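The block underneath contains the structure these notes are about, expressed in structure tokens.
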Number of protein chains: 4
Amino acid sequence: MKPTITPRKQPKQARSQAMVETILAAATRVLTTRGYARTNTNAVAEEADISVGSLYQYFPNKDAIIAALHQRHAQQMRDLIRQTLADLNHTRPSLKSAMQQLIQAWMQAHQLAPELHHILESDTPVFAQPNSNDKAEEQIVFNEVTQFLHHYQSELPPTALPLTTYLVIKTIESLVHAIVIDPPEGLSPQALEEGILAMVMGYLHRANR
Amino acid sequence: MKPTITPRKQPKQARSQAMVETILAAATRVLTTRGYARTNTNAVAEEADISVGSLYQYFPNKDAIIAALHQRHAQQMRDLIRQTLADLNHTRPSLKSAMQQLIQAWMQAHQLAPELHHILESDTPVFAQPNSNDKAEEQIVFNEVTQFLHHYQSELPPTALPLTTYLVIKTIESLVHAIVIDPPEGLSPQALEEGILAMVMGYLHRANR
Amino acid sequence: MKPTITPRKQPKQARSQAMVETILAAATRVLTTRGYARTNTNAVAEEADISVGSLYQYFPNKDAIIAALHQRHAQQMRDLIRQTLADLNHTRPSLKSAMQQLIQAWMQAHQLAPELHHILESDTPVFAQPNSNDKAEEQIVFNEVTQFLHHYQSELPPTALPLTTYLVIKTIESLVHAIVIDPPEGLSPQALEEGILAMVMGYLHRANR
Amino acid sequence: MKPTITPRKQPKQARSQAMVETILAAATRVLTTRGYARTNTNAVAEEADISVGSLYQYFPNKDAIIAALHQRHAQQMRDLIRQTLADLNHTRPSLKSAMQQLIQAWMQAHQLAPELHHILESDTPVFAQPNSNDKAEEQIVFNEVTQFLHHYQSELPPTALPLTTYLVIKTIESLVHAIVIDPPEGLSPQALEEGILAMVMGYLHRANR
DNA sequence: TATGAATGAGTCTTCATTCAT
DNA sequence: TATGAATGAAGACTCATTCAT
């Protein structure tokens, strides 16, 4: 029923790519200023200083814009995480230090564009399931974390790694999200970050008890 | 700018109360079937087998219906959690057992109406901040958990209780949410539940190490 | 097409009459406070502290209420004018003095309920033509003024009396209306009233020149 | 509270201007045929043979259309009056002849679109006060008449000119309005027009007595 | 390729009126 | 007779999308 939400043209040419960026930037501004309900294609086009017609040259419909925004933002966050994971694979610090860096990376990822992130998570409808590309990317991060934890396997309790990975990722992700979106009063960012680390390390080291 | 979101009539009389229930039930059905974007007041009225006019006798506008749904659902979830907390305060089992029961309660709470929960969390715009009543209720649960943990203080590391409470609640809540909304393939519910418990217990007992 | 706009029951009984008055008073308040567009039957009923159903016992539809208001107000104004005419017929002062008193009467008539008058004249649709009763009443005033002027015929130029009457009435009525509804800045009420008198007297005495 | 009433686009381009004219013409037809209460935007759009959407491209809301109609009509009337005043300033006829021509101009002005005029005056709510532009235009006519009367000052009684102007304008305007909107039976237009002239001349020449 | 005027289906919301109690 | 909950037709307005230029 709902038409595709993937970009109409693969922006291979620099010109198109620039246009897409312009539109997404405009959409970000409109979205964060007015919220999803008041965001409409005409406003985005105007903000991008192009005509609606041109906008539809690059996106098949309104939701495709939001989807692209979502995707781009998620990609940027993932890139940051993956970069950190790559670094850790080189430096190979202690598990605790590694976890600390990972948590910090996640924190930074959430702070790339906190307003947009907030709106995308809370004010914007989900369009179908995250598409297969997203799923795949998500899986890559999952695999990389699994691999990464594998290096520390000797320190870990003999739980199946996938479960460990899943819980570690979700815990970090969720707690960071909660802290950034709705910072609890009376608890310092510092203490919260240490708390997350304690949570994850407590889990990873529980077997030693 | 946006008008009130609170119910138009305090449904004190049984009749009114029934009407409100009828409308919310219909709204739930429409919302979970079509999603927020395709949910409109006429459809809700039709589903409830009443006229739009009647609907507007009980709710000042469309969003007030969603808000009421949100509130009612959150209330039901909270009630279940608080009931469990009350029970635990009587039985006072071991910390581990208590946590296990608490996690199970949270799981049940999420399964009261998983579809509605999903839609409300992902497809529905936030209407301003959760209202003060919600905030207050949230705080009550927080306080009860704090108090509850207080009984086990001797077992816990000397961290400030509010931070501990915050992290425990958010962790349970987030992980349960993730598991219920998007169950990871290859990991059994059983294992996941144990994993959550391990996560929380690892955190709470980390000091003993 | 539009149903009748005359009161459903001739309020012969005191009880009914009182009810009608209550409703009209409430309608006046609502109308002057909110304007016609925002005046609705439910609001009037509420203001009158009765149920809508009861309201419809006394008026067949919304416009009948406005019509009745119009009629009652016009009647009160006419009564005041006619009273003055009757007085003048007794005292029989000079033409000039008579005209002065007549103008003052018209002024008072417009100030019986200036707000209601304003709304009725400017914000309220006309319902069909003024009904036959109105027409008749209007005619009576016209006749009385004609008769009254007849007494001063010797002073007047030999114009057909109906024309004279028409112009005198319309001139007084219109100027008083204009002054009351939208008082011109920089001109004192006193001066304006004298101006109207000068206008009418200039006209009536023009023949002597 | 009520949003603007001024046209959405300044119809600078010929195309837009034509569209605005089309809409106003359609609105005139609908308004005079059905009356204000039964005039709705969809009907106007249909009558204009355009879509509602297009209508809203040129007018921000329903009342803005009525307001524009009002304004355009008033402008046309004023133009006619002002043209006559300009002519009189050239020819400089006798006061009586001048007044006669002025009255006739006012008569013509009222007959530009008598039906529309009637509806606009009696069936249409006032939208706030006439806007500042209207006020200003009104003032211009007032000033022009004042200036015009100034040329005949020697013939006039020593009344302050503003008062004289106000009364002359209002009298002509009101009587012409009354005659055109609801012509009295038994009185010929000819006689009525002469009557108005006599009224105004009687007033202006009263001092000589 | 870009433009942006035009389209019109779709929604929310109001309120005069009815009628079962 | 009074009540007031229920009705649902009607209408203002938005905005995603198209297409002639």
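Keep in mind that what you see is a predicted model, and the values were worked out from it rather than measured. Just so it is clear: chains get the letters A, B, ... in the order the sequence lines come, proteins before strands, and each one is counted from 1.
Here the P atom of nucleotide F:dG11 and the CZ atom of C:R38 are 18 Å apart, to the nearest Å. At whole-Å resolution of the value, OH in D:Y56 and P in E:dA5 are 19 Å apart. When rounded to the nearest whole Å, the span between CD of D:E46 and C1' of F:dA12 equals 16 Å. The interatomic distance linking B:L55 (CG) with E:dC15 (P) rounds to 17 Å, in whole Å. A:I23 has its CD1 atom 13 Å from the C1' atom of E:dT1, to the nearest Å. Taking atom CZ of D:F59 as the reference point, atom C1' of F:dA12 lies 16 Å away to the nearest angstrom. If you measure from atom CD1 of B:I65 to atom C1' of E:dT11, you get 13 Å, rounded to the nearest angstrom. If you take CZ of B:R34 and P of E:dT11, they are 8 Å apart, rounded to a whole angstrom.
Closest to the side chain of A:Q57, out of E:dA6, F:dC13, E:dT3, is E:dT3. For C:V52, whose side chain is taken as the heavy atoms from C-beta onward, the closest listed nucleotide among F:dC13, E:dT13, E:dT17 is E:dT17. Picking from E:dT13, F:dT17, E:dA6 the nucleotide with the shortest atom distance to the side chain of D:M19 gives E:dA6. Out of E:dT17, E:dT3, E:dT11, the shortest distance to the side chain of B:N40 is found at E:dT11.
Heavy atoms from other residues, nucleotides or ligands lying under 6.0 Å from CD of D:E46 number 12 at most. More than 12 heavy atoms of other residues, nucleotides or ligands sit less than 6.0 Å from atom CD of A:E121.
At the phosphate of F:dG4, neither OP1 nor OP2 sits under 4.0 Å from any side-chain N or O atom of C:S51. For C:Y58, a side-chain nitrogen or oxygen approaches OP1 or OP2 of F:dA2 to under 4.0 Å. Note on B:S54: every side-chain N or O is 4.0 Å or more away from OP1 and OP2 of F:dA5.
Under the rule for a side chain to side chain donor-acceptor pair (under 3.5 Å), the partners of A:S54 that lie at least two apart in sequence or sit in another chain are A:S51. Checked against side chain to side chain donor-acceptor pair (under 3.5 Å), C:T22 has no partners two or more places apart in sequence or in another chain. Listed by chain and number, the residues in a side chain to side chain donor-acceptor pair (under 3.5 Å) with C:H118 amount to none (sequence neighbours excluded).
The nearest heavy atom of DNA chain E to D:G53 and to B:T41 marks one nucleotide each, and the one closer to the 5' end goes with D:G53. Residue A:I50 is the one, among A:I50 and B:K62, whose nearest nucleotide of DNA chain E lies closer to the 5' end (criterion: closest heavy atom). With DNA chain F read from its 5' end, the first of the two nearest nucleotides for C:D49 and A:T39 is the one closest to C:D49.
With values rounded to the nearest 0.5 angstrom, A:L120 atom CG is found 8.0 Å from A:T28 atom OG1.
Contacts classified as salt bridge (Lys or Arg N to Asp or Glu O under 4.0 Å) and involving residues 23-35 of chain C (residues at least two apart or in different chains) are given here: C:R29-C:E47. Pairs passing the salt bridge (Lys or Arg N to Asp or Glu O under 4.0 Å) check and including a residue from residues 48-62 of chain D, sequence neighbours excluded, do not occur.
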**Q.** Pairing pattern in dot-bracket form [Watson-Crick, G-U; both distances under 3.5 Å; | = partner strand] for DNA chain E
**A.** .||||||||||||||||||||
